[in-house]
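No experiment lies behind these values; they were computed from the predicted model shown. Keep in mind that the numbers below use all heavy atoms, side chains included, and drop hydrogens, waters and symmetry copies. Note on naming: letters A, B, ... go to the chains in the order of the sequence lines (proteins, then strands), and numbering restarts at 1 for each one.
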2 protein chains.
Amino acid sequence: MDDRVREHARTLVDWSARIEAGDDVVVQVDEGAHDLAVAVAEQLGRRDANLLATYGSDELRRAYLRAHDGEFDADPEYELAMYDRADSVLILKGTHNTAGTADVPSDRRQAHSKARRGIREARLDTDWVSTQHPTRAMAQQAGMAYEAYADFVYDATLRDWEALAEEQARLKTILDDGETVRIVADGTDLTMSIAGRTAVNSAASVAYGSHNLPSGEVFTAPEGTEGVVTFDVPMTIQGRRVRDVELTFEDGAVVDFAAAQGEAVVEEVLETDEGARRLGELGVGMNRGVDRITDNILFDEKMGGTVHLALGRAYDACLPEGAAGNDSAVHEDLITTMGEGSRLEVDGEIVQEDGQFRWE
Amino acid sequence: MDDRVREHARTLVDWSARIEAGDDVVVQVDEGAHDLAVAVAEQLGRRDANLLATYGSDELRRAYLRAHDGEFDADPEYELAMYDRADSVLILKGTHNTAGTADVPSDRRQAHSKARRGIREARLDTDWVSTQHPTRAMAQQAGMAYEAYADFVYDATLRDWEALAEEQARLKTILDDGETVRIVADGTDLTMSIAGRTAVNSAASVAYGSHNLPSGEVFTAPEGTEGVVTFDVPMTIQGRRVRDVELTFEDGAVVDFAAAQGEAVVEEVLETDEGARRLGELGVGMNRGVDRITDNILFDEKMGGTVHLALGRAYDACLPEGAAGNDSAVHEDLITTMGEGSRLEVDGEIVQEDGQFRWE
């Protein structure tokens, strides 16, 4: 076994999920994540935690959903009971085919998702962590050879997380104390208010309220956005390619939009509901191990020297206790590169210039 | 997908497990059983049953058990809660390596098994069914090419089970009404009492109290065994090869034994406890789709034209309500071929001669 698989498992179990003896751990194993699952099982054994492995297969899901009549039972009790009692859920992503469920009718998918709301909430109530094992399918999605993709995944994942958490704490302090953010980049000049909002130091650990490995971003919930932004990073939204999205904001809401590719899907997102025209998240990527875009949001939005904004729902963790943030059925992240000539300012002071933080 | 995989899944879900709409079904997917699992998922979707797939990986189990200190939590509540509420458990066997857990210390294995007694009982309380997907590892164990092994598995599994259940009912009636069984074959002349005992028509369906697919045997619980028996079918017992075991019974108990190979492991079995020297089962194989020995007890003991006897524990289903049968920590099946010159008699009447039932 590649030593990095063991190191990945150790990082997941220790740093990310903080597993302790006696913890009841569900490990969701995707079709292509077997090797990581073996390494995780070893780490769980070493810590005297309990292990229950579920099989997260796209091909099973497709076969089941396509054959079903669409009237799903609400939250089957046997599965709900399991997640209700679990301490942690470790999600080991690693598909053999990123288009593996492409022919499942979307209404079937939505009906299934809706019927499992209680199960989803029970999972989110655990110390859950989602991570990615490199597969050939994910390499293909990234347009990379497998070996090179595996190197990329481990460079992004096997970081000095403690040091990054400390660096991110600096930005969190600036954002927590700040009132106005301005982003200037190629095709972008945007201002927004973050007054009274709390930034999350997303350092790939449940101890930081962060549930992705890798992570490496600081995010908050903006409002009152004004100006223009261009997202130069290509994305896949609902299975469709989107490139060079340009949004114009007035009084917090999108009033105009355009895209070099995928304009129709951008329009669909914006028309979902009232909240879909407003921002739910401002995120600043700080993971310098992510050095390229691989068409996987788990990695792309964490890339050092990028900023992402999400249309739609805001995270509660960013809001004052009991306050309501932007609400929507969607949360769609869009990413812009902070290159030469770019500036990230908080209350008029430069925090990042030409893609480099002032402390770098 | 091989049509036979779909047919296997249909047989499992309909004939064997009798799945109905709304059933809460756990599907345990071995490393090499993915294709069968996809077909089973399709069948479960078609019947509007609920699906929860667990991952039955020998490599995960090995890694976990070897790393653990051996002090296992008793029946982790999240897993127990799941099985307590499940209606059915479908076990899809299909290992990539029959020696995959060979280096797990046996005391570790036993401690883990002991700690999970409640979970095991909860599983056995469901309408569980165990079946085999053909893998290259299982073909290798059988000494067969993969394609030939797959043919073998489907010949044994895709039977006209209704017709076989009817044929087996004839033998069940004879055994239920009978008092004494005599088995005569090469190196074998054995008599035993089955008075008051009930035979099980094991027709690969929970509706018949049968939990294996394939099945195809009728079994009961004998006592008072007298005479000599030679088991000419080679077996693997506790990982060790055993061949041509000869047992001599007096007054129901083994008084002498020998074996051409593996005599030591036979001795270990016999010395387990008092009940290990007595028979717990007389089984008559009636599956004519099993036409060769493949070193897999799930198939071997069902082979038409064989009889098997188990040292140790008797099944409750064969005993009068509330009565105690032979008790033991072991249940070791041994198989003898009913060839030329062999006879199976009940109360002096011939039921099978030269390996053919009188109605064949």
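- Note on B:Ala86, B:Ala21, B:Ala37: by heavy-atom pairs under 4.5 Å with chain A, the leading option is B:Ala37.
- Using cut-offs of 30° and 60° on the angle between ring planes, the pair A:Phe299 and A:Phe152 is tilted.
- Within the 4.5 angstrom heavy-atom criterion, no atom of B:Ala39 approaches chain A.
- For A:Val26, the parts lying near chain B are the backbone and the side chain together; criterion is any non-hydrogen pair under 4.5 Å.
- Contacts with chain A were tallied for B:Leu80, B:Asp24, B:Asp84; B:Asp24 has the most, counting heavy-atom pairs under 4.5 Å.
- Within the 4.5 Å cutoff, the side chain of B:Arg85 has no heavy atoms near those of the A:Pro76 side chain.
- By number of non-hydrogen pairs under 4.5 angstrom with chain B, the leading residue of A:Leu52, A:Asp73, A:Asp48, A:Thr54 is A:Asp48.
- Considering only heavy-atom pairs separated by less than 4.5 Å from chain B, the leading option among A:Glu71, A:Arg61, A:Glu77, A:Arg66 is A:Glu77.
- Ranking A:Val40, A:Asp87, A:Asp69 against chain B, the residue ahead of the rest is A:Asp69, based on heavy-atom pairs under 4.5 Å.
- Atoms CG and CG, on A:Asn50 and A:Asp23 in that order, are 8.5 Å from each other to the nearest 0.5 Å.
- Chosen from B:His34, B:Gln28, B:Glu42, the residue pairing most often with chain A at heavy-atom distances under 4.5 Å is B:His34.
- A side-chain donor from one of A:Arg120 and A:Ser113 sits under 3.5 Å from a side-chain acceptor of the other.
- Put simply, of A:Ala63, A:Ala81, A:Ser57, the one with the most heavy-atom pairs under 4.5 Å next to chain B is A:Ala63.
- The contact between A:Glu31 and chain B is made entirely by side chain atoms (from C-beta outward), counting heavy-atom distances below 4.5 Å.
- Counting non-hydrogen atoms of other residues, nucleotides and ligands closer than 6.0 Å to CD of A:Glu268 gives a total above 12.
- Contact of the B:Arg47 side chain with the B:Gln43 side chain is registered, since non-hydrogen atoms from C-beta on lie closer than 4.5 Å.
- Contact annotation: the side chain of B:Glu7 never approaches that of B:Tyr154 to less than 4.5 Å [non-hydrogen atoms, C-beta and beyond].
- Contacts between B:Val29 and chain A at a heavy-atom distance below 4.5 Å involve the side chain alone, from C-beta outward.
- A tilted orientation is assigned to the rings of A:Phe72 and A:Tyr64, their planes being inclined by 30° to 60°.
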